[in-house]
Amino acid sequence: MAKKYWLLKSEPEAFSISDLAQAPGQITCWDGVRNYQARNYLRDDIQINDLAFFHHSNACPPGIAGVVKVIQSGYPDSTAWDPFDCHYDAKSTVANPRWFMIDVQLVTRFEEILTLELLRTVPALKSMELLRKGSRLSVQPVRADEYQTVMKLYRSLNSRRQ
DNA sequence: GCCAACGTTGGC
DNA sequence: GCCAACGTTGGC
């Protein structure tokens with residue numbers, strides 16, 4: 001299957017790209033997603049070697065902080081089974097797991113956040129889910145052309161900084 | 001801190 | 001199955 005592109009949201013106060021950069025192997029499990037549409041992407045569609053933007057939400061400034069690679073596709077989110085975890089869900093059982101997670105590894109930490117404000121100025125990203133008014137989905141697909149546009153924007157900003 | 005836009009819940 | 005009430009998300 002062709003490589004797909006995604007966007008994963010995280011509040012940096014809970015888990016930031018800096019946290020990922022310091023994690024062993026720069027690997028983390030992407031757990032705690034408790035939305036059915038996002039769950040379906042994690043469980044059914046996201047494949048090993050897919051790439052995803054790491055987005056900082058509820059941040060100053062909000063924006064894309066880097067790129068991660070999927071190194072493990074969807075498997076049951078064990079935090080749902082832990083009564084002491086804040087994402088505990090009694091309705092998710094080992095026999096019939098309701099929530100799923102993936103493992104990702106850091107690929108690129110952007111030198112600077114690509115802010116929503118900046119992304120909104122790019123015509124080619126006009127229909128990107130992230131920029132849609134009222135968009136809150138924490139796991140969302142990104143079109144290949146949108147992915148390339150964002151990366152091109154990042155590289156052009158980067159070369160200007162040198 | 002505000003609040004619009006969602007998603008979920010639960011009575012009916 | 002409808003939908004009002006409520007809770008959450010997340011940019012601003």
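Just so it is clear: chains get the letters A, B, ... in the order the sequence lines come, proteins before strands, and each one is counted from 1.
Minimum heavy-atom separation, W99(A) to R39(A): CE3-CG, 3.7 Å.
Between the side chain of N96(A) and the backbone N or O of T93(A) there is no donor-acceptor pair closer than 3.5 Å. Without hydrogens or angle criteria, S10(A) side chain to H56(A) main chain gives no donor-acceptor distance under 3.5 Å. Q105(A) places no side-chain N or O within donor-acceptor distance of the main-chain N or O of V70(A), the cut-off being under 3.5 Å.
Legend: residues meeting salt bridge (Lys or Arg N to Asp or Glu O under 4.0 Å) with D82(A), ordered by chain and number and at least two apart, are absent.
Between D145(A) and R143(A) there is a salt bridge, with a side-chain nitrogen of the basic residue lying less than 4.0 Å from a carboxylate oxygen of the acidic one.
For W6(A) and Y147(A), the ring centers sit 6.0 Å or farther from each other. Taking the six-membered ring where the residue is Trp, the centroids of Y75(A) and F100(A) are separated by 6.0 Å or more.
In this structure, CD of E13(A) is placed 14 Å from P of dG11(C), rounded to the nearest angstrom. Regarding L119(A), its CG atom lies at a distance of 16 Å from the P atom of dG10(C), rounded to whole Å. When rounded to the nearest whole Å, the span between CG of L118(A) and P of dG11(C) equals 15 Å. One can place OH of Y36(A) at 15 Å from C1' of dT8(C), the figure rounded to the nearest angstrom. Atom pair E11(A):CD and dG10(C):C1' shows a separation of 8 Å (rounding to whole Å applied). Following rounding to the nearest Å, L7(A) (CG) and dG11(C) (P) show an atom-to-atom distance of 11 Å.
Sequence order on DNA chain B of the closest nucleotides to K91(A) and N58(A) puts N58(A) first from the 5' end.
H55(A) comes within 4.0 angstrom of the backbone, heavy atoms only, and of no base. Using a 4.0 Å heavy-atom criterion, one finds that R34(A) contacts no nucleic acid atom at all.
Remark: R132(A), K133(A), G134(A), R136(A) in residues 128-143 of chain A come within less than 4.0 Å of DNA chain B through at least one heavy atom.
Applying the 4.0 Å criterion to OP1 and OP2 of dG10(C), one finds that K9(A) has a side-chain N or O inside that range.
The bend of the helix from dG1(B)-dC12(C) to dC12(B)-dG1(C), defined by the angle between the axes of its first five and last five pairs, stands at 10° to the nearest 10°.
With D77(A) as the fixed residue, the side chain to side chain donor-acceptor pair (under 3.5 Å) test singles out one of R34(A), R98(A), R43(A): R34(A).
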